[in-house]
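Structure first, then comments.
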Amino acid sequence: MATAGIVTFATSGAMAAGAAAADPGTVISLVEEKSGIRLPTPAERRIETQTAAAAKIPALPTTREDTRMSNDRREISGRETTVSRGGDRGGGTTTDAPSQVATIESLIERPTSVSGGAQKAVLRYVQEDVTVYASYGKRAKELGELKLGRAVYYTGRDEGGRQEIVLEGTRVWIPEGNLARTKPEPPPEPAPTPTPTPSPSPSEEAPAGLDFSACGDASVEVGLVPDAVDLYRAVCNAFPAVASGTTYGYDPHGEHADGKALDFMTDDKELGDAIAAFVQEHAAELNIYDIIWYQHIWTPVRADEGWRLMEDRGDPTANHYDHVHVAVN
């Protein structure tokens, strides 16, 4: 019985092994059944393997910004050193060698000297406009001109009253005495020439010998009738001295109340005589009503009587000794 049992068990195991070899899924099913754990199928394991492999590959850029950032990463990864915004160069690892530091300013400034073989040329600045020559000889060909403040490199060689410089990698010559260590200040711009104020031109409507263009104090014209304005401008342009003095126009008394009279103030007898004669000469063109000066009156309607003496009014101003009074019609 024991032998038979053993034989039976062995036979059952052999049968199970043969079944598993024929179908691996049988063994997986038995393991899952006894452990309660579900094992991935071969197809699922292939999918997991492909997914893990794809995760290690960076995604391709899909937008314009992704493409730019991807390019930036490639450019940086391809350099051994980079320059930061502050100008510091550095790599991905720390070494004992001193780090290289370059500021933005140092990248754009000219070096203080350059070397060509065993010879060194130092930075200098042209102090005035100079001619550039191909050599130092008297018959050397002129190559052009350098402007004030141009940076060049001086080799230290002087010959025949000229100095050798390096200009854009070429050795040329300029007259000596025109180089210095510091850059010169540009010359000040010339002050603009003031535009002369044009003299007022006579009005097109002004008769010969009269100028009706604006003159003197414009406030005098306030309240005057047009003929009185022409009178004021004509006398002001003919006698500028009156323009700097006091001239009364509109005033609430007598002929002044209507804006038809002016008082040209002056204590100068000769100037007063000249003004009175000028207005008398142009009485018709200026539409004059009367002129009063030095206690005398003249009117166009009684021109044949000349200047007539007036009664004494008691003081120099009332008798018109300090101003020429003129009224228009």
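What you are looking at is a predicted structure, and each value in this text was computed from that prediction instead of being measured. Along the sequence shown, the residues carry numbers beginning at 1.
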(Q) So does Trp298 get a backbone contact from the side chain of Arg308, meaning a donor-acceptor N/O pair under 3.5 Å? (A) no
**Q.** Over all atoms of both residues, closest heavy-atom pair of Tyr125 and Gly149
**A.** CD2-O, 3.7 Å
Q: Give a yes or no on whether the backbone of Thr131 and the side-chain of Glu145 come within a donor-acceptor separation of less than 3.5 Å.
A: no
Q) Just by modelled atom types, is the Ser219 backbone N or O under 3.5 Å from a matching donor or acceptor in the Asp217 side chain? A) yes
Q) With a 4.5 Å heavy-atom cut-off, do His256 and His325 have their side chains touching? A) yes
Q. Short question: side chain of Glu270, backbone of Asp268 - any donor-acceptor pair under 3.5 Å?
A. no
Q: Kindly compute the distance separating CG (Asp211) from CG (Asp230), expressed to the nearest 0.5 Å.
A: 10.5 Å
Q) Which value, rounded to the nearest 0.5 Å, describes the distance between Asn237 atom CG and Tyr232 atom OH? A) 9.5 Å
Q) Are Val326 and Val235 close enough that some pair of their side-chain heavy atoms sits under 4.5 Å apart? A) no
Q.
Using 0.5 Å steps for rounding, measure from the CZ atom of Arg150 to the CD atom of Gln127.
A. 14.5 Å
**Q.** With Gln163, the side-chain contact (heavy atoms from CB on, under 4.5 Å) member among Asp158, Thr155, Val152
**A.** Asp158
(Q) Looking at every non-hydrogen atom in both residues, tell me the closest pair between Leu123 and Ala151 and how far apart they are. (A) CD1-CB, 4.0 Å
**Q.** Cationic N near anionic O, under 4.0 Å, Glu128 to Lys147
**A.** no
Q.
Tell me whether Phe278 shares a hydrophobic cluster with Ile297, the cluster being built from Ile, Leu, Val, Met, Phe, Trp, Tyr side chains joined at under 4.5 Å.
A. no
Q. Does the side chain of Gln295 come within less than 4.5 Å of Asp312's, by heavy atoms?
A. yes
Q: Spell out, as yes or no, whether a donor-acceptor pair under 3.5 Å connects the side chain of Gln280 to the backbone of Ile275.
A: no
Q | Side-chain touch Ile292/Val324, heavy atoms, less than 4.5 angstrom | A | no
Q) Does one hydrophobic cluster hold both Val328 and Leu224, with members joined at side-chain heavy-atom distances below 4.5 Å? A) yes
Q) Going through the checks in order, is the side-chain contact (heavy atoms from CB on, under 4.5 Å) test met by Leu262 and Val220? A) CA-CA 9 Å; Leu262 287 152; Val220 175; 4.0 Å; yes
Q | Check: Asn178 side chain, Pro175 main-chain N or O, donor-acceptor pair, under 3.5 Å | A | yes
Q: Could you tell me the separation between the SG atom of Cys215 and the CD atom of Glu221, rounded to the nearest 0.5 Å?
A: 9.0 Å
Q) In terms of hydrophobic clustering (I, L, V, M, F, W, Y; side-chain heavy atoms under 4.5 Å; direct or indirect links), are Val279 and Met310 co-clustered? A) no
Q. How close do Arg313 and Ala318 get, heavy atom to heavy atom, and via which atoms?
A. CD-O, 3.4 Å
(Q) Quiz question: by atom type and distance under 3.5 Å, do the side chains of Asn329 and Asp227 form a donor-acceptor pair? (A) no
Q.
For Tyr294, is the OH atom crowded, meaning more than 12 foreign heavy atoms sit under 6.0 Å from it?
A. yes
Q. Within the side chain of Asp129, is there an N or O that forms a donor-acceptor pair under 3.5 Å with the backbone of Leu148?
A. yes
Q. Do Val122 and Trp173 sit in the same hydrophobic cluster, where Ile, Leu, Val, Met, Phe, Trp and Tyr count as joined when their side-chain heavy atoms come under 4.5 Å apart?
A. no
Q) Does a donor on one side chain and an acceptor on the other come within less than 3.5 Å for Glu164 and Tyr136? A) no
**Q.** Close side-chain approach of Leu179 to Val126, heavy-atom, < 4.5 Å
**A.** yes
(Q) If I compare all heavy atoms of Ala234 with all of Leu210, which pair ends up nearest, and what's the gap? (A) CB-CD2, 4.1 Å
Q | Ala140 to Tyr133 - nearest heavy-atom pair and separation | A | O-CD2, 3.9 Å
Q) Are any of the side-chain nitrogens in Lys269 or Asp273 under 4.0 Å away from the carboxylate oxygens of its partner? A) yes
Q.
Quick one about Thr317 and Asp322 (side-chain donor to acceptor, distance below 3.5 Å, no hydrogens or angles considered), yes or no?
A. yes
(Q) Can you give me the closest heavy-atom contact between Met265 and His323, atom names plus distance? (A) SD-CB, 3.2 Å
Q) Would Asp263 and His320 count as having a side-chain donor-acceptor pair, cut-off 3.5 Å? A) no
Q) What distance separates Ser135 OG from Lys141 NZ, expressed to the nearest 0.5 Å? A) 11.5 Å
Q: Report yes if some heavy atom in the side chain of Thr266 is under 4.5 Å from a heavy atom in the side chain of Phe239; otherwise report no.
A: no
Q) Are Tyr289 and Trp293 connected in a single hydrophobic cluster, I mean Ile/Leu/Val/Met/Phe/Trp/Tyr linked by side-chain heavy atoms less than 4.5 Å apart? A) no
